[in-house]
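The basis for the numbers below is simple: all heavy atoms, side chains too, and nothing from hydrogens, waters or symmetry mates.
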Amino acid sequence: MRKVQIGSVKPGDKLAKPIFQDNGRVLLGEGVELNDRYINRLQNLGVDIVYIEDGMTEDLIPEDTLRDETRQQAVEAIYKTMNSFKDQSVVMKGRAIAPDLGRTFRNVFGQIMTDLTARPNMMVNLTNIHVADAYLFHHSVNVAMLAGVMGIAKGYNRNQLEELGIGALLFDIGMTKIPQKLIEKVGPLTAEERVVMESHTKEGFDILRKYHDISVVSAHCALQHHERYDGSGYPRRLKRDEIHMYAQIVGIADVYDALTSPRPHRKRYTPSEAIEFLFAAGNTYFDFDLIKLFCKHISIYPVSTTVLLSSGQVGVVSLNSELALHRPRVRIIREADGKEPASPYDLELKDELHLTIIKEL
């Protein structure tokens, strides 16, 4: 299969991976043949890339770090929880909101950890595609998964991993107290709007600290995930070690996944561009050693990514090596003269030192 921009999709192309709705359920499944109506609908829903079946790359199967079943269950749990906190009628009627919050997300993160520890390596590859309205819910799952990888890399014990994971899954719960029109605003925020938006950190902390089965350090992921290493963050302008390590991890994961997701005001960053941003933010936004640890576990060029080589050839990433993340194996699908090869073949960029990747296509 091959990952392509939605603008390059043609009627008759078949989806090789499903596209998810905001509640975690499948909008269009694997094998669906796309037509003009489907393509236009996906574009209107904010879907910018898809995976399609392709004869030259049919053996290339990118594996998301999480199984589809795990992701669906996690997104559905976050979707239901977020909407229950938005539902003011529940508050007015005096009913407890999500009384089993801690237990629910302990189970959710437990399944995420099962998927993570079942993998042969800890390289992160985010392949899920979802509609724009689903961003908040899938974002929380991605942040928890990335945080889990970091926790394992740091040697955390089971209790620490659970505290970090629950905090990561629920770090943005305070967004349920922010007006939807403000969340969806495309232009720059006014000073007054920024104050309201930034209040989501304290709102989230205030929600989580009321649950006896959620650790206060998990709640600090909500409170401190926008604090920055140099003291430029909010809400308390904390610096360096004043920021809890869980919140630092969640902050890095939050920024990485936000950058690599399409947003209303900009296109998504590629993984390599997002990693470059993080390295530039070392000891400014985040602790540099923590960034280096994070980036050791990110696939810079995930399998099925289409790339342009310095030779003018176009290829699709077919294999990553943990020893040379920036120089993957590439399946050539178009030569420099624009012609398809008689049969596709692979180049090992770690051996072809005269070749470099110019950009993703």
Side-chain angles (χ1 to χ4, degrees), residues 1 3-7 9 11 13-53 62-87 90 98 101 104-105 107-109 111-112 115 125-146 168-173 175-176 178-181 183-186 253-254 257-268 302 304:
M1 70 179 71
K3 183 173 70 174
V4 298
Q5 298 286 333
I6 190 68
V9 176
D13 286 341
K14 290 184 178 180
L15 285 179
K17 290 184 74 68
I19 298 170
F20 294 96
Q21 302 179 72
D22 55 359
N23 59 6
R25 296 174 185 170
V26 173
L27 174 67
L28 289 177
E30 176 182 338
V32 169
E33 183 173 313
L34 298 173
N35 54 34
D36 286 328
R37 183 170 63 86
Y38 278 151
I39 295 170
N40 291 333
R41 178 63 174 157
L42 291 175
Q43 289 176 315
N44 291 335
L45 289 172
V47 174
D48 63 332
I49 60 174
V50 295
Y51 288 85
I52 61 169
E53 297 179 1
E63 292 187 8
D64 197 336
T65 307
L66 300 181
R67 295 178 302 116
D68 285 347
E69 296 85 354
T70 300
R71 178 172 292 280
Q72 283 181 266
Q73 292 171 12
V75 170
E76 185 175 5
I78 292 171
Y79 176 83
K80 289 180 178 178
T81 298
M82 292 286 200
N83 281 305
S84 68
F85 277 96
K86 285 182 180 180
D87 186 359
V90 173
L101 192 66
T104 295
F105 286 95
N107 292 336
V108 168
F109 189 68
Q111 188 57 60
I112 290 173
D115 282 18
N125 185 15
L126 298 174
T127 68
N128 65 296
I129 307 297
H130 55 77
V131 301
D133 287 347
Y135 169 74
L136 180 61
F137 314 113
H138 284 271
H139 179 56
S140 296
V141 175
N142 287 344
V143 168
M145 182 271 298
L146 290 165
L169 282 165
L170 297 170
F171 83 104
D172 249 352
I173 197 167
M175 293 296 285
T176 60
I178 306 301
Q180 192 64 30
K181 64 179 181 181
I183 295 174
E184 296 174 352
K185 184 174 180 179
V186 176
D254 175 36
D257 190 62
L259 288 174
T260 54
S261 301
R263 306 301 297 128
H265 57 286
R266 60 158 174 80
K267 294 181 179 179
R268 72 168 77 223
S304 292

Mind listing the closest non-hydrogen atom pair of [X] and [Y] along with its distance?
{"X": "Ala16", "Y": "Glu30", "result": "O-CG, 3.5 Å"}
{"X": "Ser261", "Y": "Asp257", "result": "OG-O, 2.7 Å"}
{"X": "Met82", "Y": "Ser140", "result": "CE-OG, 4.3 Å"}
{"X": "Pro62", "Y": "Ser304", "result": "CD-OG, 3.2 Å"}
{"X": "Arg268", "Y": "Pro262", "result": "NH2-CD, 3.3 Å"}
{"X": "Ala132", "Y": "Gly46", "result": "CB-CA, 4.0 Å"}

| request: Take Val32 and Ile19 through the side chain to side chain contact (heavy atoms under 4.5 Å, CB included) test and state the conclusion after the steps. | output: CA-CA 10 Å; Val32 169; Ile19 298 170; over 6 Å; no
Heavy-atom side-chain contact between [X] and [Y] under 4.5 Å:
{"X": "Phe171", "Y": "His139", "answer": "yes"}
{"X": "Asp133", "Y": "Leu45", "answer": "no"}
{"X": "Phe105", "Y": "Thr81", "answer": "yes"}
{"X": "Leu170", "Y": "Leu101", "answer": "yes"}
{"X": "Leu42", "Y": "Leu28", "answer": "yes"}
{"X": "Val26", "Y": "Phe20", "answer": "yes"}

| Polar contact flag, side-chain donor to acceptor under 3.5 angstrom, Asp22-His138 | no
Between [atom1] on residue [X] and [atom2] on residue [Y], distance to nearest 0.5 Å:
{"X": "Phe109", "Y": "Met145", "atom1": "CZ", "atom2": "CE", "result": "10.5 Å"}
{"X": "Ile178", "Y": "Lys86", "atom1": "CD1", "atom2": "NZ", "result": "10.5 Å"}
{"X": "Asn107", "Y": "Gln73", "atom1": "CG", "atom2": "CD", "result": "10.5 Å"}
{"X": "Asp64", "Y": "Thr70", "atom1": "CG", "atom2": "OG1", "result": "10.0 Å"}
{"X": "Ile78", "Y": "Ile173", "atom1": "CD1", "atom2": "CD1", "result": "9.5 Å"}
{"X": "Ile6", "Y": "Ile129", "atom1": "CD1", "atom2": "CD1", "result": "9.5 Å"}

| field | Neighbour count >12 (heavy atoms, 6.0 Å) for atom CZ, Arg67 | value | yes
| query | Given the rule in the side chain to side chain contact (heavy atoms under 4.5 Å, CB included) test, do Glu53 and Met1 qualify, once you have shown the distances and angles that lead to the verdict? | reply | CA-CA 5 Å; Glu53 297 179 1; Met1 70 179 71; 5.8 Å; no
| remark: Which of Thr65, Asn142, Asp115 passes side-chain hydrogen bond (donor to acceptor under 3.5 Å, both in side chains) with Arg71? It is Asn142
| query | Taking the side chain from Asn40 and the backbone from Asp36, do they hold a donor-acceptor pair closer than 3.5 Å? | reply | yes
| said: Could you go through Val108 and Val141, starting from their C-alpha distance and side-chain angles, then the distance that decides it, and tell me whether this counts as side chain to side chain contact (heavy atoms under 4.5 Å, CB included)? | reply: CA-CA 10 Å; Val108 168; Val141 175; over 6 Å; no
